[in-house]
There are 2 protein chains.
Amino acid sequence: MKGHNFSSKREAIFKTIASTKTHPSASWVYDQLKEEIPNLSLGTVYRNIALFKEQGKIITVASVDGEERIDADVSDHAHFICEHCSSVIDLYETELSPLEKQLFESGFDIKRKNVVFHGICCECKEKLN
Amino acid sequence: MKGHNFSSKREAIFKTIASTKTHPSASWVYDQLKEEIPNLSLGTVYRNIALFKEQGKIITVASVDGEERIDADVSDHAHFICEHCSSVIDLYETELSPLEKQLFESGFDIKRKNVVFHGICCECKEKLN
DNA sequence: ACAGAAAACAGTAATGATTACTGTTTTTAA
DNA sequence: TTAAAAACAGTAATCATTACTGTTTTCTGT
């Protein structure tokens, strides 16, 4: 059965994802680890990311500049994506309950909600002035 | 200057996008039109979709099964994506104002917000039982 | 500890959506 | 009407992601 054997690479991949606030892409994780683990394969990173998603240990935040960005914080929170620097920033306190309640009452089975704001972050806003 | 000449294909592409509630992908639009316009090129569909986005006439909703899905309804509304049938459904009345207000006060320049629920739609839910 | 089976892996090739390129056709504005 | 700009078809290239193949690692029961 898949995902039940120990693997030090899997552990390292998860640790890298879980210990950053950057909401990384697969290639970012790979780049972070390839010095420490020279024979790591990018396919292994992708395979384990897919596994973590199945296991509910990570979520997909959004696709930014053609790359999928992930998050090991699976708690209910929103994100802000900067159009200028492509950074992804955590936001808490979403208060979507009225809409969720309405959906539930309409018979929808909500597995996950994904709230993403797009714009220019305050750092880039200052730089651009 | 780009996007300022008349083009019947551009018109047809926009009309196709604007007259559906399916939140189509580029290839869906292409498939819809290729009977009516046999010499249409998929590249033209992509090029015009990019133009419409720049012009703010359409938005990207989400990436579903590896394909970007678009919407000519640029008004403030949310979406529900069914994990089973991949349909994208409009939802209105989001009520995100408290969070938006907080972002504005923190110096973020919000261009767009994107609220997406993932789960099983009520039609699929019935079928699966 | 050891052997066989299952899982995980590296390395590479394939896939498929999207983008770029090239030469041609269409539109525009004077 | 004509030349410049824009739009296009058709094709090739790009690039993130996935699939494949043969090898290595982990696990489980003895």
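Nothing here was measured: the structure is a model prediction, and the numbers come from that model. Lettering of chains follows the sequences in order, A, B, ..., and the numbering in each one begins at 1.
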Q: Quick check on D:dC8: is either OP1 or OP2 less than 4.0 Å from any side-chain nitrogen or oxygen of B:Ser7?
A: yes
Q: Does D:dT25 have its OP1 or OP2 closer than 4.0 Å to a side-chain nitrogen or oxygen of A:Lys9?
A: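 For A:Lys9, the contact criterion (side-chain N or O under 4.0 Å from OP1 or OP2 of D:dT25) is not met.
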Q: Are B:Val74 and B:Lys57 close enough, and set up right, to give a side-chain contact (heavy atoms from CB on, under 4.5 Å), and what steps lead you there?
A: CA-CA 7 Å; B:Val74 297; B:Lys57 295 169 83 175; 6.0 Å; no
Q: Whole angstroms only, please: what is the CG-C1' distance between A:Asn5 and D:dT26?
A: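 Distance, rounded to whole Å: 5 Å.
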Q: Would you kindly give the CD-to-C1' distance between A:Glu11 and C:dA8, to the nearest whole Å?
A: 14 Å
Q: B:Glu67 has an atom CD; how far is it from atom C1' of D:dC15, in whole Å?
A: 17 Å
Q: Measuring from atom NZ of B:Lys9 to atom CG of B:Leu40, what distance do you get when rounded to the nearest 0.5 angstrom?
A: 6.0 Å
Q: Starting from C1' on C:dA29, measure out to CZ on B:Phe6 and report it in whole angstrom.
A: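 It works out to 17 Å between those atoms.
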Q: With a 4.0 Å heavy-atom cut-off, tell me which residues in residues 33-53 of chain B come close to DNA chain D, sorted by residue number.
A: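 By residue number: B:Asn39, B:Leu40, B:Ser41, B:Thr44, B:Arg47, B:Asn48.
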Q: Tell me the interatomic distance from A:Trp28, atom CH2, to D:dA16, atom P, rounded to whole angstroms.
A: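 Taking CH2 of A:Trp28 and P of D:dA16, I get 17 Å after rounding.
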Q: Are A:His23 and A:Asp90 linked by a side-chain donor-acceptor pair shorter than 3.5 Å?
A: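 A pair is found: one side chain offers a donor N or O, the other an acceptor, under 3.5 Å apart.
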Q: Does NZ in B:Lys111 sit with more than 12 non-hydrogen atoms of other residues, nucleotides or ligands closer than 6.0 Å?
A: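 Result for NZ/B:Lys111: enclosed.
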Q: Distance check needed: C:dT19 C1' versus B:Tyr30 OH, whole Å only.
A: 16 Å
Q: What's the CZ-P distance between A:Arg69 and D:dT17, to the nearest Å?
A: 11 Å
Q: Is A:Lys113 close to B:Val115 at the side-chain level, that is, under 4.5 Å between some pair of heavy atoms?
A: no
Q: Kindly indicate whether the side chain of A:Phe108, heavy atoms from C-beta on, has any atom under 4.5 Å from the side chain of B:Ile89.
A: yes
Q: Rounded to the Å, how far apart are B:Asp65 CG and C:dT15 C1'?
A: 15 Å
